[in-house]
Amino acid sequence: MPLSKDSAEFKLRTLIQQKKLKLITLIAPPQSGSTIFERVLTQSPDVHGQLHEPEMRAQTAEDLADLILERRQHILEDQPNTKEPVCIV
């Protein structure tokens, strides 16, 4: 089933295809060092934001896409010279 052009998931895919957003997805079991790894990644000037444990708030792929788009908007407002935000999810 094709995505609606109004859906957050469609908008997110479009941003990624247009190279206006890069996502790094970090999936790891508890107590495996993922938080420290995430913190090290966010120290890079090339990483502009993160959604720590977004699954706690997102119940569907559309919810997650909404959260990522919201975070991207905050990054662009805070750092207007950023052309391609990188966000850890």
Side-chain angles (χ1 to χ4, degrees):
M1 182 168 140
L3 294 172
S4 162
K5 290 186 178 187
D6 294 327
S7 74
E9 189 175 348
F10 180 85
K11 292 174 186 174
L12 185 63
R13 288 176 186 223
T14 302
L15 288 170
I16 292 168
Q17 289 171 351
Q18 293 174 344
K19 300 194 183 296
K20 293 183 179 177
L21 176 67
K22 284 185 183 178
L23 295 179
I24 299 171
T25 304
L26 178 60
I27 301 171
Q31 304 296 314
S32 65
S34 60
T35 299
I36 192 70
F37 184 67
E38 177 184 1
R39 288 183 182 158
V40 169
L41 281 176
T42 59
Q43 297 304 308
S44 168
D46 296 328
V47 175
H48 305 285
Q50 70 190 67
L51 287 171
H52 187 72
E53 299 183 9
E55 77 283 349
M56 302 297 274
R57 295 173 282 164
Q59 300 297 314
T60 65
E62 185 71 9
D63 291 344
L64 182 57
D66 277 332
L67 288 170
I68 294 168
L69 290 173
E70 180 182 306
R71 181 64 184 130
R72 178 185 180 271
Q73 186 60 40
H74 288 291
I75 292 167
L76 292 175
E77 288 169 3
D78 293 343
Q79 303 171 31
N81 295 329
T82 302
K83 293 186 176 157
E84 184 180 4
V86 176
C87 188
I88 300 173
V89 179

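Everything numeric in this text was worked out from a predicted model, so none of it was measured. Here, residue 1 is the first one in the sequence, and each next residue gets the next number.
When the side chains of ILVMFWY residues are joined at heavy-atom separations under 4.5 Å, either directly or via intervening members, V47 and V40 end up in two distinct hydrophobic clusters.
Residues L21 and L69 are not in side-chain contact: their nearest non-hydrogen atoms beyond the backbone lie 4.5 Å or more apart. The closest side-chain heavy-atom distance from D6 to F10 is not below 4.5 Å.
Note: K22 NZ to L15 CG = 14.0 Å, rounded to the nearest 0.5 Å. To the nearest 0.5 Å, atoms CG (L12) and CD (E9) are separated by 7.5 Å. Atom-to-atom distance recorded for Q79:CD and H74:NE2 is 13.0 Å, nearest 0.5 angstrom. Summarising the geometry, atom CG belonging to L23 is positioned 12.5 Å from atom CZ belonging to R71; distances are rounded to the nearest 0.5 Å. Residue L67 holds its CG atom at 15.0 Å from CZ of R72, rounded to the nearest 0.5 Å.
K5 and K11 make their closest contact through O-CE, 4.0 Å (heavy atoms, listed as atom of the first residue, atom of the second, distance). The minimum heavy-atom distance linking A8 with E62 is given by the pair N-OE2, 2.6 Å.
Every side-chain contact (heavy atoms from CB on, under 4.5 Å) that Q18 has, sequence neighbours left out, goes to T14, K20. Taking the side-chain hydrogen bond (donor to acceptor under 3.5 Å, both in side chains) definition, one finds that Q73 meets it with E77, sequence neighbours left out.
S44 contributes no side-chain N or O that, together with a main-chain N or O of L41, makes up a donor-acceptor pair within less than 3.5 Å.
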